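Accompanying notes for the structure given below.
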Amino acid sequence: MKFAVVTFPGSNCDDDCYEVVKEVLGQEIRFLWHKDRDLKGIDCVILPGGFSYGDYLRTGAVARFSPIMEVIIEYAQRGGLVLGICNGFQILLEAGLLPGAMLRNSFLSFICRDVFVRVETKETPFTRRCEPQQVLKLPIAHMDGHYFADPEILRRLEGEGQVVFRYCTARGDLSEEANPNGSLSHIAGICNSKRNVLGLMPHPERASEACLGGEDGRLIFESLLAGKNGLS
């Protein structure tokens with residue numbers, strides 16, 4: 001399977017994604033620069049975490065207008081796989097590929113720690129190797145991770161099964177204490193209606209090797225490979 005990871009000015013997790021795909025999973029991956037206009041025949045594009053363009057205006061607001069995003073939007077609309085992690089999720093929201101917006105964390109401070117998220121559906125290319133209600137331990141590192149959407153959008157996300165991950169306790173329970181940033185409905189990740197675009201705030205690439213303290217994040221990348229290889 002061929003992957004690409006986009007590097008924006010200010011990206012700092014692009015190398016992490018490259019490492020997981022290339023060295024851990026043994027798949028082909030290449031870097032794409034924010035000014036590129038050719039995806040070069042890839043099967044999945046990753047928008048990594050970081051602080052694209054210094055988070056000027058709003059997180060992801062400037063990156064959304066990068067030349068590469070014009071191509072990625074068209075690619076996603078044709079059904080291409082797009083994974084946005086942290087800042088990548090914020091860019092997908094700004095680009096209109098996912099609904100809603102990202103606000104400042106409810107405690108108004110940067111958060112960097114491990115959290116638990118509950119898998120709400122395995123009916124996406126990104127979670128087919130997971131089980132519904134499975135709890136994953138993943139790290140977060142963000143200042144603007146409070147997911148917000150109006151009631152109509154929330155109803156649609158819930159009704160169509162587009163909420164993919166929720167913040168939870170280690171046992172999978174939803175509680176205010178387990179919601180690190182105040183996200184509505186404990187939302188940690190969502191997909192689009194076609195289920196080919198996923199955005200999530202936790203960093204699966206930082207939890208894909210035992211030497212880093214956990215391998216739960218690897219399930220997300222392995223799910224993509226399972227789909228490519230026709231496995232359930």
Side-chain angles (χ1 to χ4, degrees), residues 13 46-52 55 57-64 76 82-121 123-124 126-127 130 132-169 172-207 216-217 220:
C13 297
I46 302 172
L47 303 182
F51 304 91
S52 59
D55 282 347
L57 300 182
R58 293 184 307 276
T59 52
V62 179
R64 177 263 178 273
V82 180
L83 172 61
I85 302 169
C86 197
N87 189 225
F89 185 8
Q90 295 161 343
I91 295 170
L92 292 175
L93 293 170
E94 289 287 337
L97 288 175
L98 292 174
M102 207 62 72
L103 307 180
R104 188 61 48 91
N105 296 338
S106 58
F107 295 106
L108 303 180
S109 61
F110 184 85
I111 305 171
C112 183
R113 62 179 176 88
D114 288 338
V115 298
F116 295 100
V117 297
R118 191 176 73 190
V119 179
E120 297 297 285
T121 175
E123 301 303 320
T124 81
F126 311 91
T127 54
C130 303
Q133 306 300 299
Q134 183 175 357
V135 176
L136 308 180
K137 184 179 180 181
L138 303 172
I140 57 170
H142 58 251
M143 180 72 171
D144 299 83
H146 177 130
Y147 180 78
F148 178 84
D150 66 39
E152 181 179 349
I153 290 176
L154 280 176
R155 282 194 296 271
R156 186 169 74 247
L157 290 175
E158 299 284 2
E160 298 297 324
Q162 290 175 240
V163 177
V164 182
F165 300 104
R166 295 187 206 270
Y167 298 109
C168 67
T169 67
D173 300 321
L174 303 181
S175 70
E176 183 177 348
E177 293 74 19
N179 187 346
N181 48 42
S183 288
L184 294 184
S185 299
H186 302 263
I187 289 174
I190 61 172
C191 66
N192 64 340
S193 59
K194 293 182 180 179
R195 315 185 93 69
N196 63 299
V197 178
L198 172 71
L200 74 163
M201 289 308 294
H203 288 265
E205 79 283 5
R206 296 183 182 179
D216 286 356
I220 293 171

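Bear in mind that the values here come from a model prediction, so they are computed numbers and not experimental data. Because only heavy atoms are used, hydrogens play no part in the values below, and waters and symmetry mates are left out as well, while side chains stay in. Numbering of residues begins at 1 and proceeds along the displayed sequence.
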Pair Val163, Tyr147 - check side-chain contact (heavy atoms from CB on, under 4.5 Å), show working.
CA-CA 11 Å; Val163 177; Tyr147 180 78; over 6 Å; no

Side chains of [X] and [Y], heavy atoms from C-beta outward: is any pair under 4.5 Å?
X: Leu184; Y: Leu154; answer: yes
X: Glu160; Y: Ser193; answer: no
X: Leu92; Y: Val82; answer: yes
X: Phe165; Y: Val119; answer: yes
X: Pro180; Y: Ile140; answer: yes

Assess whether side-chain contact (heavy atoms from CB on, under 4.5 Å) is satisfied between Met201 and Met102, documenting all intermediate values.
CA-CA 10 Å; Met201 289 308 294; Met102 207 62 72; 3.7 Å; yes

Can you tell me how far apart [atom1] ([X]) and [atom2] ([Y]) are? Round to the nearest 0.5 Å.
X: Leu136; Y: Cys168; atom1: CG; atom2: SG; value: 8.5 Å
X: Ile111; Y: His146; atom1: CD1; atom2: NE2; value: 11.5 Å
X: Gln90; Y: Ile85; atom1: CD; atom2: CD1; value: 12.5 Å
X: Arg64; Y: Arg58; atom1: CZ; atom2: CZ; value: 11.0 Å
X: Ser52; Y: Glu94; atom1: OG; atom2: CD; value: 9.5 Å
X: Cys130; Y: Glu120; atom1: SG; atom2: CD; value: 11.5 Å

In terms of side-chain heavy atoms, does [X] have a donor or acceptor partner in [Y] at a distance below 3.5 Å?
X: Tyr167; Y: Asn181; value: yes
X: Asn179; Y: Glu176; value: no
X: Asp144; Y: Thr59; value: no
X: Ser175; Y: Asp173; value: no

Do you know which two heavy atoms are closest between [X] and [Y], and how far apart they sit?
X: Pro202; Y: Ala188; answer: CD-O, 3.6 Å
X: Val135; Y: Thr169; answer: CG1-O, 4.0 Å
X: Gly49; Y: Cys86; answer: CA-CB, 4.1 Å
X: Ile220; Y: Pro204; answer: CD1-CB, 3.7 Å
X: Gly50; Y: Cys13; answer: N-SG, 4.4 Å
X: Phe148; Y: Leu103; answer: CB-CD1, 3.7 Å

If only atom types and distance count, is the side chain of [X] paired as donor or acceptor with the main-chain N or O of [Y] below 3.5 Å?
X: Arg118; Y: Gly172; result: yes
X: Gln162; Y: Ile190; result: no
X: Asn192; Y: Asn196; result: yes
X: Asp150; Y: Ile153; result: yes
X: Arg206; Y: Leu138; result: no
X: Thr124; Y: Thr127; result: yes
X: Ser185; Y: Ile187; result: no

What do the steps show when you test Glu123 against Arg195 for side-chain contact (heavy atoms from CB on, under 4.5 Å), and what is the final call?
CA-CA 8 Å; Glu123 301 303 320; Arg195 315 185 93 69; 4.2 Å; yes

Does a salt bridge link Glu158 with Arg166, judged by any charged N lying under 4.0 Å from a carboxylate O?
yes

Verdict with reasoning, Phe89 to Leu98, per side-chain contact (heavy atoms from CB on, under 4.5 Å)
CA-CA 8 Å; Phe89 185 8; Leu98 292 174; 3.7 Å; yes

Can you confirm whether more than 12 heavy atoms, excluding those of Phe107, are under 6.0 Å from its CZ atom?
no

